[in-house]
> 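The structure that follows is given in the form of structure tokens.
In what follows, residues are counted from 1 in the order of the sequence shown. We use all heavy atoms of the structure for the numbers below, so side chains are in, but hydrogens, waters and symmetry mates are not.
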Amino acid sequence: MTLQIKNIEEHQAASQRAIENPEGFWEEQANTFHWRKKWNKTLQWEFDTPDVKWFVGGKMNITENCLDRHLEIKGNQVALLWEPNEAGAPAKSYTYRELHAEVCKCANALKSMGITKGDRVIFYMPMVPELTIAVLACARIGAVHSVVFAGFSAQALADRTNDAQAKMIICSDYNKRGAKNIPVKQVVDDAIAMGCDSVEHVLVHKNTGGEVNTNAVDTWWHDIVPQQSADCEAEEMDSEDMLFILYTSGSTGKPKGVVHTCGGYMVYTCYSFRNVFQYKDGDIYWCTADIGWITGHSYIVYGPLLAGATTMMFEGVPTYPDAGRFWHICEKHRVNQFYTAPTAIRALMAKGDEWVEKYDLSSLKVLGTVGEPINAEAWHWYDQKVGKGNAPIVDTWWQTETGGIMISNIPGITEAIPCYATLPLPGIQPCLMDKDGNEIEGNDVEGLLCVKFPWPSMIRTTYGDHERCKNVYFSAFANKYFTGDGARRDENGMYRIIGRVDDVINVSGHRIGTAEVENAINQHSNIVESAVVGYPHDIKGQGIYAYVIANYPVADEDAFRLEVRETVTREIGPIAKPDQIQIVSGLPKTRSGKIMRRILRKIASGDASGLGDVSTLLNPEIVEEVKKGALV
Ligand code: PRX
């Protein structure tokens, strides 16, 4: 197994070793896996292009490392534990042996449908075990999975399917989410009706048994998977073969497909999982994320299974049937490590302490947070009410593009500081840059967060558009990966993430590009132009504030706002619906026609003071109007 740091001396020694000899350090980690053929070069890199390859020439299959290699010793240990949406319904579990068999059956079914190495498969599913099984089945046969969060709209699903030129979509009939029963197969049908010509098959898992339409491309999971052989030889993959594509939002309108490859991602997710969660044999680990996001990929599926852990997935939502659900599950399964998002913590905190006080949470050893900055109040509540002061919080900073956790304290070993991600994991070399491209040295400083040396699970490309990858991440600063975040390094060298410095907003831990929302809003027939900014929101972290210019006078403003929200729901999905929609007659612009977002952000934040000199704007008079009509 990869290194698991046990004390501060080991942390310091590993950090030192990884800086002096990064190749040697990662080679040590990579050596702990099963490779069919060893690599001939540990690292080849050039950030300008970018061209980054780890474990060059190595041959392996990640599922042999997630499953097969554990069979002898851990075959009868639970690999995957599943808690259903309904609190009274029985949980399900799969031992490593059982999960291996299910993955092989599904892999054989995919093969029988003509899916082969390199084909792309889109997922649009609820959090059921079959999602994990089918994701691993793709990896087993070398197909590239691309999981789309099942809250996205048919249009968003069609866009991603077409961008990936996917041969297959795997979905369920319906998704259960709390009291809702969401017809996801219908969304897939709608996406296909929009034109997804590459799709040859839709594999449908019967989840609720509700009524669905059947089309020529459809095959039921139960008609093809269970009867397959439980043996499926894993495809031999090159270390740098694509493992998956995950679409994420950026500052331009179109989501980009972040590409991760097999070898480096395997090494880093296992390494980071073992260290950040200090997982010990026999522990029950639970990450509440959805597999539609990177957190679910790296820390529900791959990291824990590579480490031979028991990983739990939960189908439902934190507030169903009541606000005690998370804590009930922690008590029921004696959860040891619990990993969630600040937005969930804030939402549950707002429901009152009685929900958390009802349950025995003494099994918890480590609490994790991810996805957005956590505010001090939520941090202390999590620490005191959930952890009872006995379970250190790990504030883990990372991104879809980084593949794994980059900056985090190590529980019980390095200091946990409220609102600070603190220190990079050994092997990670962050730095802060100023706007002129100079590295900011020393402590007690603030700047743009970059990484100056490759790490194994870093983004390799954006699918179908390598130039975009270069422009977004590797062009802002020579020889650095630019994260898009601002950060502070305090007097003790501890990192505190401030937030995005680009036009990306973080709503309930979901990344949303303002341009993407504007494009969606502009689809409304009575909208000429729009500008979207983030504003502080008590529960969501950031809310979405849209300024819109209507073409014709709006008679019923509430009905109009409803239509705008429906347009966004149709184009992207409900997660991108604006919280506030202000109708304006114009937007503040520079003389070159650029929208002054700084002004709009300030007004949306409820603080219109200190807007600075607006007289140089093309239309300074508009600022007063926008200020007067502000909704917060
Ligand atoms: O702004 C940072 C924020 O989430 C962004 C990455 O979003 P995504 O790719 O969707 O991945 C989320 C899960 C890894 C980052 O650029 N972010 C993530 N973790 C933290 C955070 N901000 C502050 N503190 C964190 N711990």
> Considering residues at least two apart in sequence or located in another chain, which fulfil the side-chain contact (heavy atoms from CB on, under 4.5 Å) criterion with K351?
T319, A323, W355

> For E624, what residues pass the side-chain contact (heavy atoms from CB on, under 4.5 Å) criterion, not counting sequence neighbours?
K627

> Can you list everything that forms a side-chain contact (heavy atoms from CB on, under 4.5 Å) with S298? Sequence neighbours excluded, please.
Y265, T269, I294, W398

> Among all residues two or more places apart in sequence or in another chain, which pass the salt bridge (Lys or Arg N to Asp or Glu O under 4.0 Å) test with D163?
K254

> Determine whether the aromatic ring centres of F326 and F338 lie less than 6.0 Å apart.
yes

> If only side-chain N and O atoms count, and only distance matters, is there a donor-acceptor pair under 3.5 Å linking D485 with W397?
yes

> Identify, with sequence neighbours excluded, every residue that meets ring-ring contact (aromatic ring centres under 6.0 Å, His included) alongside F474.
F47, Y481

> What donor-acceptor contacts under 3.5 angstrom involve side-chain atoms of residues 534-541, with partners at least two apart or in another chain?
from, atom 1, to, atom 2, distance (Å)
H537, ND1, I539, N, 3.2
H537, ND1, K540, N, 3.0
K540, NZ, D579, OD1, 2.5

> Of all residues at least two apart in sequence or in a different chain, which pass the salt bridge (Lys or Arg N to Asp or Glu O under 4.0 Å) check with E401?
R511

> Is it the case that Q399 and T483 place a side-chain donor and acceptor less than 3.5 Å from each other?
no

> Could you go through the salt bridge (Lys or Arg N to Asp or Glu O under 4.0 Å) check for E557 and R561 one step at a time?
CA-CA 6 Å; E557 292 198 356; R561 289 196 178 95; 3.4 Å; yes

> With N85, which residues qualify under side-chain contact (heavy atoms from CB on, under 4.5 Å), at least two apart?
K176, E315, Y320

> Just to verify, what does D48 make a salt bridge (Lys or Arg N to Asp or Glu O under 4.0 Å) with, not counting sequence neighbours?
none

> Just jot down the salt bridge (Lys or Arg N to Asp or Glu O under 4.0 Å) partners of K577, sequence neighbours excluded, or say none.
none

> With sequence neighbours left out, write down each residue that passes side chain to side chain donor-acceptor pair (under 3.5 Å) with W381, or none if nothing qualifies.
D353

> Name all residues meeting the side chain to side chain donor-acceptor pair (under 3.5 Å) criterion together with E529; count only those two or more places apart in sequence or in a different chain, and write none if there are none.
K589

